[in-house]
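Every value quoted in this text rests on a predicted model; they were computed, and no experiment measured them. Ligands are counted one by one from 1 in listed order, and the atoms in each one are counted from 1 as well. Numbering of residues begins at 1 and proceeds along the displayed sequence.
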Amino acid sequence: MGEEVKSTVEEEMLVVESKEWYLVSYAPHGVPTSDHLKLRTVRLSLAPDSIPDAHVAVEMLLFSIDPYLRGRFTGTLDGLYFPQFQLNQVITIFGIGRVKRSKDNKYKEGDLVLSASFPVAEYCVMSSSEIVAKIDTASGISLPDYLSSLGVPGFAAWLGIEVVGDPKPGSNVLISAASGGVGMIAGQLAKLRGCRVIGSTGSDEKVKLIKEEFGYDDGFNYNKEADLDAVLSKLFPNGIDVYLDNVGGKMLESVLNHVNKFARIPLCGMISQYNQVWTEREGIRNLLNMVGKEVRMEGFLLKTHFNRFGDFAKEMEGYIKEGKIKTKTKINHGIGTFLHSLNSLFSSSNIGKLVIQLKP
Ligand code: NAP
């Protein structure tokens, strides 16, 4: 009897309360609100008997807040064509967690692990097959960098510049959302290739940052420029060879008036259009310029290029260690900030890569 009471108490001590964000209703247009995403608290047992074989119990440390998430709860398959979260399902996300218990001998308590499908929760029990990599804490690379220069935005920037855009030394390169997760890395990669690199971004402070910290040759604040054609004429007297498009809409249309023969436009994303259904999105009226200038415009997604992730990571780790690629991280604290953090991507309020930190 005494033994039974003791083991019940011990089991109880291994039960944690975990807050998690789940989908209540789809949001086809407009900024998502608490009508769409809600926080709830669940009780989760971390007792060894509750963890199936080949599973791990993880406490979450950092989440990567990326614009593609918006495309996972529109309720429609268009544009980004990302699979939709199911109603009542916990949102899943790229992140870093610490193993609390393991039923897989590849992982032990205390290991720091990366996954592309962590629940936006404080704790979880998940299949160890969902772990992408174990972090080498002796590498000298900061944890946020694994979600930034070595994570989703870094890989997207590398694909956009090194694989799809492929600018030559001396090429004139424009990058939109230049101070964000993708833009800060893309600009530095293009500079390493010897290009002349200009960035567009949403505030004067960010224009200063991209020039002083990320080595951009020049930049402009699109929120202040009433005439994008005029600013592009001024900054690109010899035309644009490569435009890494992160925003779509009016910027893409204006760029097409300034492209050089055989210009390349890697389409990384179109964040200015993510909160609209397709019939409300801005049309690009001058696509005909692509014919006359023989422009190659090409969309790309990370998942198609995962076979290149190893090449990317090796190169990027080298750049980080040599101090050739710098990053800036905006850290929001606590799981409660998820909805606000997601929505902040659609304004000019963040600088650098946005992460949510749950635990130090
Ligand atoms: P981010 O820059 O960290 O955050 C988004 C930034 O976009 C905001 O800080 C804001 O910066 C800018 N923005 C928001 N609304 C805008 C609007 N209406 N017009 C112009 N700019 C606006 O995001 P990120 O991670 O680097 O992502 C950038 C783009 O890359 C997104 O379109 C994303 O979907 C795409 N992406 C694609 C892939 C892929 O596999 N293809 C992977 C990762 C990211 P400012 O207004 O201050 O410039």
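You'll find the ring centres of Phe82 and Tyr68 inside the 6.0 Å limit. Here Phe155 and Phe309 bring their ring centres to under 6.0 angstrom of each other.
Residue-ligand proximity, Ala156 to ligand 1, at heavy-atom distances under 4.0 Å covers atoms 38 (C), 42 (C), 43 (C). Listed by number with element, the atoms of ligand 1 under 4.0 Å from a non-hydrogen atom of Phe300 are 39 (C), 40 (O), 41 (N). Ligand 1 places these atoms under 4.0 Å from at least one heavy atom of Ala177: 7 (O), 48 (O). For ligand 1, the atoms sitting less than 4.0 Å from at least one non-hydrogen atom of Phe346 are 14 (C), 15 (N), numbered in the order shown with element in parentheses. The contact set between ligand 1 and Leu301, taken as ligand atoms under 4.0 Å from a residue heavy atom, comprises 40 (O). Atom numbering of ligand 1 starts at 1 in the shown order; those under 4.0 Å from a heavy atom of Ser272 are 17 (C), 18 (N), 19 (N). Those atoms of ligand 1 that come under 4.0 Å of a heavy atom in Met270, given as number and element, are 32 (O). Shown in contact with Thr201 at under 4.0 Å from a heavy atom are these atoms of ligand 1, numbered in order with element: 45 (P), 47 (O), 48 (O).
Nearest to atom 40 (O) of ligand 1 among the protein's heavy atoms is Leu302 N, 3.1 Å. Looking at atom 44 (C) of ligand 1, its nearest protein heavy atom turns out to be Val182 CG2, 3.7 Å. Atom 1 (P) of ligand 1 has Gly181 N, 3.8 Å as its closest protein atom, hydrogens excluded (heavy atom only). The protein atom (non-hydrogen) at minimum distance from atom 34 (O) of ligand 1 is Tyr274 OH, 2.7 Å. Looking at atom 2 (O) of ligand 1, its nearest protein heavy atom turns out to be Gly180 CA, 3.0 Å. Of all protein heavy atoms, the one closest to atom 23 (O) of ligand 1 is Pro67 CG, 3.4 Å.
At a cut-off of 3.5 Å, with distance as the only test, no side-chain donor of Asp35 or Ser25 sits close to an acceptor on the other residue. For the residue pair Lys353 and Ser64, a side-chain donor N or O sits within less than 3.5 Å of a side-chain acceptor on the partner. Side chain to side chain, Asn246 and Ser176 fail the donor-acceptor criterion of an N or O pair below 3.5 Å. In this model, a donor atom of one side chain and an acceptor atom of the other lie less than 3.5 Å apart for Asp104 and Ser128. No side-chain N or O of Thr92 forms a donor-acceptor pair with one of Ser117 less than 3.5 Å apart. With 3.5 Å as the limit, one finds a donor-acceptor pair spanning the side chains of Tyr146 and Ser139.
Note: no N/O pair closer than 3.5 Å links Pro153 and ligand 1 by distance alone. On a distance-only criterion, Tyr222 and ligand 1 share at least one N/O pair closer than 3.5 Å. Considering backbone and side-chain atoms alike, Asn246 places an N or O below 3.5 Å from some N or O of ligand 1.
Put simply, the residue from Lys211, Lys208, Arg196 that forms a salt bridge (Lys or Arg N to Asp or Glu O under 4.0 Å) with Asp218 is Lys211.
For the pair Leu252 and Val247, the minimum side-chain heavy-atom distance is 4.5 Å or more. When side chains are defined from C-beta on, His29 does not count as touching Asn275, because their heavy atoms never get closer than 4.5 Å.
Residue-level proximity to ligand 1 for Val247 is carried by the side chain, the only part with a heavy atom below 4.0 angstrom. Here Cys268 has heavy atoms under 4.0 Å from ligand 1 in both its backbone and its side chain. The proximity of Lys206 to ligand 1, defined as any non-hydrogen pair under 4.0 Å, is limited to the side chain.
Of the candidates Gly202, Ser64, Gly269, Ser347, it is Ser347 that places a heavy atom closest to atom 10 (C) of ligand 1. The closest heavy-atom contact to atom 13 (N) of ligand 1, among the options Ile351, Asn275, Ile271, comes from Ile271.
Using a 4.0 angstrom heavy-atom cutoff, Ser203 does not count as in contact with ligand 1. Between Phe155 and ligand 1 there is no heavy-atom distance shorter than 4.0 Å. Using 4.0 Å as the threshold, Gly352 has a heavy atom nearer than that to some atom of ligand 1. At a 4.0 Å cut-off, at least one heavy atom of Leu345 sits close enough to ligand 1 to count as contact.
Remark: Arg40 qualifies as a cation-pi partner of Tyr22 under the 6.0 Å distance and 45° angle criteria applied to the six-membered ring. Judged by a 6.0 Å distance limit and a 45° cone about the ring axis, Arg72 is positioned over the six-membered ring of Phe85.
Between Phe338 and Trp21, the angle of the ring planes lies from 30° to 60°, which puts this pair in the tilted group.
Using a cut-off of 4.0 Å between Lys/Arg side-chain N and Asp/Glu carboxylate O, Asp217 and Lys191 are scored as salt-bridged.
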